[in-house]
Amino acid sequence: MKEAKMVSYSSSSSSSEIKIISECFIKPKALPEKSNEPYHLSPLDHLMLSFQYIQKGLLFLKPSTPSDDATKPKDFMETLLKRLKDSLATTLVHFYPLAGRLSTLNTDNPRSYSVFVDCNKGPGAGFIHAKSELTVADIVGSNYVPLVVQSFFDHHKAVDVDGQTLSVFSVKVTELVDGVFIGLSMNHSVGDGSTFWNFFNSLSEIFNSQQEDETKDLFCLKNPPIFREVSGPMCRLPYSPLDASITLSETPVLKERMFHFSSETLRSLKSKANKDCGETTMISSLQSLTAFIWRSITRARSLSNDQETTCRFAVGTRTRTDPPLPTNHFGVYTSLASTTAKTGDLLENGLGWAASKLHQAVTEQNGEKIASELDHWLKSPFVLQPDQLSEPNLVHMGSSPRFDKYGSEFGMGKAVAVRSGYNSKHDGKVSAYPGREGGGSIDLEVCLLPEFMEALESDQEFMSLVSSSQN
């Protein structure tokens, strides 16, 4: 355990000092026999090694306690931390690669390299307990997401290749005056958003099973991860990926804000987009909303009509492979789809025109195309530098409202809000979360340069569709 330390962040909140109370590592309660074998990364996993860790977390209100009982808050946190550690140890039995470290397999004649997770290497998954004098209102009551939220996560600015020395997975529990934030950080080369939220939901399932019956068999998850059945390296590269130099540009100062869109608003957007496309039904609610935010951010940037703008978004590929894979298949199964347009065309042709371009980009992400792109990379492999993915005037839609983000509970009721860390943010980065009230509502986490955020907030067409209810 490391000694307590203080971390300070500039923020408009009343106090932004985060005190690290304790740090430790959690090993699985028991390891399955297959954990003795290397968990080999797929070709796509190797491509993700230059990405940053996924950082997402949930904010909860502490249960109310009688004002005359000063011991309750301390007892509550001690019990919560103990049960979280116990639940994590059990959950890692199912998700055993997350307790390991990245390693390199070298072969000769010819010389080649591949990366795998050594499931028995290292002390386990990280677990940090921190404390702050901030309140829940400091986090959700501000127009903008406070910078201090970045300190609610471990592995700040970490890149996936760092998983050879850093834990592949880490939990940070930050105690607020009246709340608790549970932030998870996961190496993106080992799993994608589906794997991440399946872990979060499984951790909650085991936590609550303990509460209901401490003698219950906790090893039967409703949605257990399914692992690839491979006996050796899935690709062999002419260079050592974990020794590659990854260059990350410093992220400029951004404004980050949550915008809420009600289910009624989304139905209206979807109806308008499909009507614009000739009374079709092919455009989804998320495609309609993505088209809307793409057009809105492009207007806020005041680009000239002949300047190009790109909208890019992650597409889940489990159901697009042949044969299709179940949603609980462990690993990285995503591809990047994008479409580009002249600013004048994007803004003059309306919502349906933009949504149809996005729809077309999604439909093109079939199993054959995905396999072809990976095969092309394997024939001429290279280290993907993050800056290679940056484009001028980019809007990138990440995460997904389809993930059950509010389904994870830890004895404090439903989470108040979802928040993310520093990693992988840039001007034009947008993340989609389900709205807290459900029913198909969506929250968008939007990151923009300050002048573009100000312009977006002054855009009546955009703000007229934003609900006053936001988390």
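These figures come from a predicted structure and were not determined experimentally.
- Scored by the ring pair (Phe, Tyr, Trp, His ring centres under 6.0 Å) test, F200 finds W197 as partners (sequence neighbours excluded).
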Show the atom names and distances, to 0.1 Å, of all donor-acceptor pairs under 3.5 Å that link a side chain in residues 329-339 to residues at least two apart or in another chain.
{"residue": "H329", "atom": "ND1", "partner": "Y333", "partner atom": "OH", "Å": "3.2"}
{"residue": "S335", "atom": "OG", "partner": "Q365", "partner atom": "OE1", "Å": "2.8"}
{"residue": "T339", "atom": "OG1", "partner": "K357", "partner atom": "NZ", "Å": "3.4"}

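- Between F127 and S170 the shortest heavy-atom distance is N-OG, 4.5 Å.
- A donor-acceptor contact shorter than 3.5 Å is absent between the side chain of N201 and the backbone of N198.
- Aromatic ring orientation, F410 versus F207: perpendicular (interplanar angle above 60°, classes split at 30° and 60°).
- For the pair K121 (side chain) and A99 (backbone), a donor-acceptor distance under 3.5 Å is absent.
- Here the closest non-hydrogen pair linking C311 and T290 is SG-CG2, 3.7 Å.
- In this structure, K172 fails the cation-pi test against F153, since its NZ or CZ atom is not both closer than 6.0 Å to the six-membered ring centre and inside 45 degrees of the ring normal.
- Remark: the backbone N or O of N393 is not paired with any side-chain donor or acceptor of E308 at under 3.5 angstrom.
- Considering L166, D243, L242 as possible partners of V161, the one that fulfils the side chain to side chain contact (heavy atoms under 4.5 Å, CB included) test is L242.
- With Y422 as the aromatic partner, K157 meets the cation-pi criteria of under 6.0 angstrom to the ring centre and within 45 degrees of the ring axis.
- A salt bridge is defined here as a Lys NZ or Arg NE, NH1 or NH2 lying under 4.0 Å from an Asp or Glu carboxylate O, and D192 with R318 meets this definition.
- No cation-pi contact links R419 to F181, judged by a cut-off of 6.0 Å to the six-membered ring centre and 45° from its axis.
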